[in-house]
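Here is the structure we will look at, set down as structure tokens.
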Amino acid sequence: MGNFIFKELELRGAYLISYFSSVDHRGMFSKCFERDIYREAGLDFQLNETFISCSAKNVIRGMHFQTSNPQAKLVSVPKGRIYDVLIDLRMESPTYKQWEGYELSAENHRALYVPRGFAHGFLSLEDATLTMYQCDGAYDRESDTGIRYDDPDIAIEWPVDNISDTIHSARDLKLLSLTEYEKIIHAGGVKCRINAYGCSYLWNGGAAA
């Protein structure tokens with residue numbers, strides 16, 4: 001069961017992963033994570049917690065990140081389809097503010113590795129889509145925040161006919177713009193050092209909560 005393919009993205013440190021899957025007359029059997037296989041690929045992923053969401057078609061969740069103790073994430077889809085998006089927020093990175101998006105589904109057996117220093121979110125492409133987030137690092141409610149899905153400076157191209165038809169939580173609609181986030185950083189609300197290989201933050205309070 002070692003049939004994993006790791007493709008590093010242009011956003012350095014992020015990977016699109018094709019994982020093991022086998023189909024026969026009984027159905028399907030897959031494995032999306034094994035610690036030793038990931039280590040051999042250069043990803044020392046320490047699983048801390050796992051979340052599963054169920055989303056209707058056209059739901060957008062994101063774009064989320066933690067300002068304190070940021071998590072790395074491994075995202076996969078046991079049922080349905082999503083358009084999965086990540087944004088490079090590492091300010092010293094040559095790809096700062098750039099985004100990439102990929103379709104993940106139960107049929108294509110792909111996962112997205114989202115390193116620390118990135119915002120993450122997705123669009124559900126089918127009703128009752130299940131999305132699994134495996135996280136390296138603990139969830140920190142106090143510093144859990146994000147940037148709006150429709151921020152004009154990032155300009156994510158969501159694959160929907162009409163963006164006004166998308167569905168969001170009230171919280172996600174109140175997330176920061178990129179401009180607001182950068183002002184907080186420059187004002188000292190978030191003291192951070194982010195580079196092309198990872199990031200560390202010191203969070204001074206609830207300016208972005």
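What you see below is based on every heavy atom in this structure, not just the backbone, and it leaves out hydrogens, waters and symmetry mates.
- Nearest heavy atoms, Leu130 versus Val77: O-CG1, 3.3 Å.
- Taken together through direct or relayed side-chain contacts under 4.5 Å among Ile, Leu, Val, Met, Phe, Trp and Tyr, Leu43 and Phe20 form part of one hydrophobic cluster.
- A distance of 9.0 Å separates CG of Leu89 from CD of Glu182, quoted to the nearest 0.5 Å.
- Of the inter-residue distances, the one linking Tyr102 atom OH with Leu86 atom CG reads 8.0 Å to the nearest 0.5 angstrom.
- Annotation: side chain of Leu9 is in contact with side chain of Leu112 (closest heavy-atom distance under 4.5 Å).
- Residues Ser143 and Asn69 have side chains that never bring a donor and an acceptor to within less than 3.5 angstrom of each other.
- Put simply, NZ on Lys57 and OG on Ser124 are 9.0 Å apart, with the number rounded to the nearest 0.5 Å.
- The environment of CG in Asp161 is sparse: at most 12 heavy-atom neighbours from other residues, nucleotides or ligands sit within 6.0 Å.
- Exactly one residue among Ile147, Ile87, Asp150 makes a side-chain contact (heavy atoms from CB on, under 4.5 Å) with Ile156. That residue is Ile87.
- Of the N and O atoms on the side chains of Ser93 and Thr95, at least one donor lies less than 3.5 Å from an acceptor on the other residue.
- Across Lys97 and Leu178, no two heavy atoms sit closer than the pair CD-CD2, 3.1 Å.
- For the pair Phe118/Leu11, a side-chain contact is recorded, criterion being any heavy-atom separation below 4.5 Å from C-beta on.
- In this structure, CD in Glu100 is found 5.5 Å from CD in Glu10, a value given to the nearest 0.5 Å.
- Linking Ile, Leu, Val, Met, Phe, Trp and Tyr whenever their side-chain heavy atoms come within less than 4.5 Å puts Phe33 and Phe29 in one cluster.
- From Lys79, atom NZ reaches atom OG1 of Thr131 across 10.5 Å, with rounding to the nearest 0.5 Å.
- Under the ring-ring contact (aromatic ring centres under 6.0 Å, His included) test applied with Phe6, the options Tyr38, Tyr19, Tyr113 reduce to a single match, Tyr38.
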request  = Apply salt bridge (charged side-chain N to carboxylate O under 4.0 Å, His left out) to Asp144 and Arg171, showing your working.
outcome  = CA-CA 11 Å; Asp144 182 20; Arg171 174 184 177 273; 3.3 Å; yes
* Would you sort out whether Tyr133 and Arg61 count as a side-chain contact (heavy atoms from CB on, under 4.5 Å), showing the intermediate values? => CA-CA 12 Å; Tyr133 323 70; Arg61 299 179 185 262; 3.7 Å; yes
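- Gln134 is listed as a side-chain neighbour of Phe45, based on a closest heavy-atom distance under 4.5 Å.
- Side chains of Asp172 and Tyr149: no donor on one and acceptor on the other come within 3.5 Å.
- Nearest approach of Gly137 to Gln71, heavy atoms of both residues: O-NE2, 2.8 Å.
- The heavy-atom pair separating Thr50 from Leu47 by the smallest distance is OG1-CD1, 3.8 Å.
- Following chains of ILVMFWY side-chain contacts shorter than 4.5 Å, one cannot reach Leu173 starting from Val59, and the two form parts of different hydrophobic clusters.
- In this pair, Tyr83 and Trp99 present their aromatic rings perpendicular. The plane angle is above 60°, beyond the 30 to 60° band.
- Between Leu123 and Val160, the closest side-chain pair of non-hydrogen atoms falls below 4.5 Å.
- Crowding of Gln46 atom CD: a count of heavy atoms from other residues, nucleotides or ligands under 6.0 Å exceeding 12.
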Run Phe65 and Tyr181 through ring-ring contact (aromatic ring centres under 6.0 Å, His included) and show every step you take. CA-CA 12 Å; Phe65 55 92; Tyr181 176 67; 5.3 Å; yes
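- Between Ile163 and Ile60, the closest side-chain pair of non-hydrogen atoms falls below 4.5 Å.
- In this structure a side-chain-to-backbone donor-acceptor pair under 3.5 Å is present from Arg116 to Pro70.
- With values rounded to the nearest 0.5 angstrom, Ser105 atom OG is found 7.5 Å from Arg110 atom CZ.
- Between His109 and Ser21, the shortest heavy-atom contact is CE1-OG, 3.0 Å.
- Side-chain atoms of Pro159 and Glu103, non-hydrogen and from C-beta on, never get closer than 4.5 Å to each other.
- Phe51 and Leu104 fall within a single hydrophobic cluster, where Ile, Leu, Val, Met, Phe, Trp and Tyr are joined by side-chain heavy atoms under 4.5 Å apart, directly or via other members.
- In terms of heavy-atom proximity, Ser76 sits nearest to Ala111 at CB-CB, 4.1 Å.
- Side-chain N or O atoms of Glu8 include one that pairs as donor or acceptor with a backbone N or O of Gly13 at under 3.5 Å.
- Classified by interplanar angle (parallel below 30°, tilted 30° to 60°, perpendicular above 60°), the ring pair Phe122/His120 is tilted.
- Transitive grouping of hydrophobic side chains (ILVMFWY, heavy atoms separated by less than 4.5 Å) keeps Phe4 and Val23 in distinct clusters.
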